[in-house]
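Below is one structure; the comments refer to it alone.
Chain letters run A, B, ... following the sequence lines, proteins first, then strands; residues in each count from 1.
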Number of protein chains: 2
Amino acid sequence: MLAVERRRLIAENLRSRGVVSVAEMAGLLNTTEITVRRDLRAMAKEGQLVRAHGGAVLPAPIGHEPSYSEKARQAGAEKASIAQLALALILPGDSILLGPGTTTLALARLLGEIPELTVVTNSLLVAQALMASTRVEVILTGGTLRRSIHALVGPAAEDSVRALRASKAFISGNGFTPERGLSTPSPLVAATDRAFAGAAQQVVVLADHTKIGQDTMCQTVPTARVHTLITDSGADPALLAAIREAGVDVRVAGPGSNERHERLASAS
Amino acid sequence: MLAVERRRLIAENLRSRGVVSVAEMAGLLNTTEITVRRDLRAMAKEGQLVRAHGGAVLPAPIGHEPSYSEKARQAGAEKASIAQLALALILPGDSILLGPGTTTLALARLLGEIPELTVVTNSLLVAQALMASTRVEVILTGGTLRRSIHALVGPAAEDSVRALRASKAFISGNGFTPERGLSTPSPLVAATDRAFAGAAQQVVVLADHTKIGQDTMCQTVPTARVHTLITDSGADPALLAAIREAGVDVRVAGPGSNERHERLASAS
DNA sequence: ACGCCATCGATCAATTTCGATCAATAGCGG
DNA sequence: CCGCTATTGATCGAAATTGATCGATGGCGT
């Protein structure tokens, strides 16, 4: 067996399963662990994989900010079920706007298989999540990088959104009340979100239960402009009723609606 | 058996299975390994296959082009020394444009400590690299995501660049010749690079020695528009002389030239 | 926290493969 | 018929790959 052949098989196994172990590859390739280890070391130097004790894993696409990804994991299950519900609103051939936020990011991760989809976003993380989904066309707005949310804001972002029209906008925020609608602490972010809402025929707000009833400094979209609110079952029913009263199509994602989130790494 | 016949059989075997080994072919063709080796060497020179220890493989295993991260590791040292040299051109308070490419990315990694710097880029990787550098203001152009280079291209990208003015543009490409200047294989990328060059008072091209003398499909910037070319010591001196003749300030970063140019960037 | 065990990295030896030089054979033209 | 050249085959030293062993390191269970 040629060396290149061996490495190609290792790369193949790695891509299909995400991880390979030294012993496993040694058995599969009819060679010793030493050789596999050397191959892995060489491939790691080329950036094809990342070495780990006992094997190797796929390289992280691009580095993630720990603080942000931590937050993303926090209420992962709830956000994922909200995203699942939002996914049903997206049809093949759609053009959608996707704002920044962990919930919209969860939605972005589900979009890979939708054909003919165009996604406009100002979130670098959304763009990154869609990097591997070659079927989806991704358009980023321009703008100034706002590090805390990994997104582009400012006049340039607003202008580039204003030049577009999309069928639906999926945006998030830090608070949602029946009276004031969606709100966020930063005026810059609010202005961008407002531009998103203005460029879409339908405005869909994704907000987990911790946001419902909260109000923060800047109103981004008034309740009257919101067509659909997707939240999870932890939200106060009275508030949801009031929001429905205002004409919003409120949808509640239950934690049990899509339960396939088994964690094996709970030991930390 | 004729030589051409032999090589045709080798090519056939290679296409059908992806790999051939020297010993195997020698047995199959009723000839010696020496002859097979000679054939492989000749065919490799023609680009029909890629030589490997003990045999040969197909040149482009479809779908596995050198991934971006692979390329980034490839000539890391040379690119880093080019970036070091480019760093000297950047002053506090500058506004610069940074194109996509592994060399410009290397430069981006060095910019963290420059105060009052504004960086405009269409590369997600550059933005990512500057994510941690809170002193630097990062502006992304809008545009359509081009996955192969992790950058934003298209009319939207060009428009947003045209709305700006910067003191210097640092761009890269796939080839640079004295006659045609900087070139790249993709028309979309070329158009964006051209917009970058048009928006800057000074155009600085970063190109390692493998690019010098290469010419690819789309010219991005003619030699006359390039003020400075930074390359490494592996480049052909005759070509560099011709480029200098055309009025370009050519600077060569040697492996040892880091010491000469480390004014403010000694800690990195 | 401690100790055990798997894993890792480095070095050495054995085998294979590579490249270069030299000899032999076949085809070709004069 | 003779000489020339191109191709093929052979041999040898050099280089690369592979496998094994040993000390060191890190992870994991108790």
Worksheet item: Charged N to carboxylate O below 4.0 Å: is that the case for B/Arg7 and B/Glu12?
Response: no

Worksheet item: Do B/Thr31 side-chain atoms and B/Ala26 backbone N/O form a donor-acceptor pair below 3.5 Å?
Response: no

Discussion item. If we check side-chain contact (heavy atoms from CB on, under 4.5 Å) with B/Val126, which of these qualifies: B/Leu98, B/Leu107, B/Leu140, B/Val138?
Written reply: B/Leu98

Worksheet entry | Between D/dT8 (C1') and B/Asn30 (CG): distance, integer Å | 14 Å

Side chains of residues 40-51 of chain B: which donor-acceptor partners sit under 3.5 Å, not counting sequence neighbours?
from, atom 1, to, atom 2, distance (Å)
B/Glu46, OE1, B/Gln48, NE2, 2.8
B/Arg51, NH1, B/Gly55, O, 2.8

Discussion item. Is the phosphate of D/dT18 approached by A/Thr35 (side-chain N or O, under 4.0 Å from OP1 or OP2)?
Written reply: no

Worksheet item: Would you say B/Asn122's side chain and B/Leu152's backbone share a donor-acceptor pair under 3.5 angstrom?
Response: yes

For nucleotides 4-7 of chain C, print each protein N/O atom paired with a nucleotide N/O atom at under 3.5 Å, atom names and distance only.
from, atom 1, to, atom 2, distance (Å)
C/dT7, O3', A/Gly54, N, 3.2

Worksheet item: Can you check the B/Lys45 NZ to C/dG19 C1' distance for me, whole Å?
Response: 13 Å

Worksheet item: When the distance from CZ of A/Arg38 to C1' of D/dG19 is rounded to whole Å, what number comes out?
Response: 7 Å

Worksheet item: Rounded to the Å, how far apart are B/Asp39 CG and D/dG9 C1'?
Response: 13 Å

Discussion item. Using whole Å, what does the distance between atom C1' of nucleotide C/dC8 and atom CD1 of A/Ile34 come to?
Written reply: 9 Å

Item to complete: Would you mind reading off the distance between A/Arg6 atom CZ and D/dA16 atom C1', rounded to a whole angstrom?
Response: 12 Å

Practice prompt. Answer yes or no: does a side-chain N or O of A/Thr31 lie under 4.0 Å from OP1 or OP2 of D/dT18?
Written response: no

Worksheet item: Does a side chain donor of either B/Thr184 or B/Thr216 reach within less than 3.5 Å of an acceptor in the other side chain?
Response: no

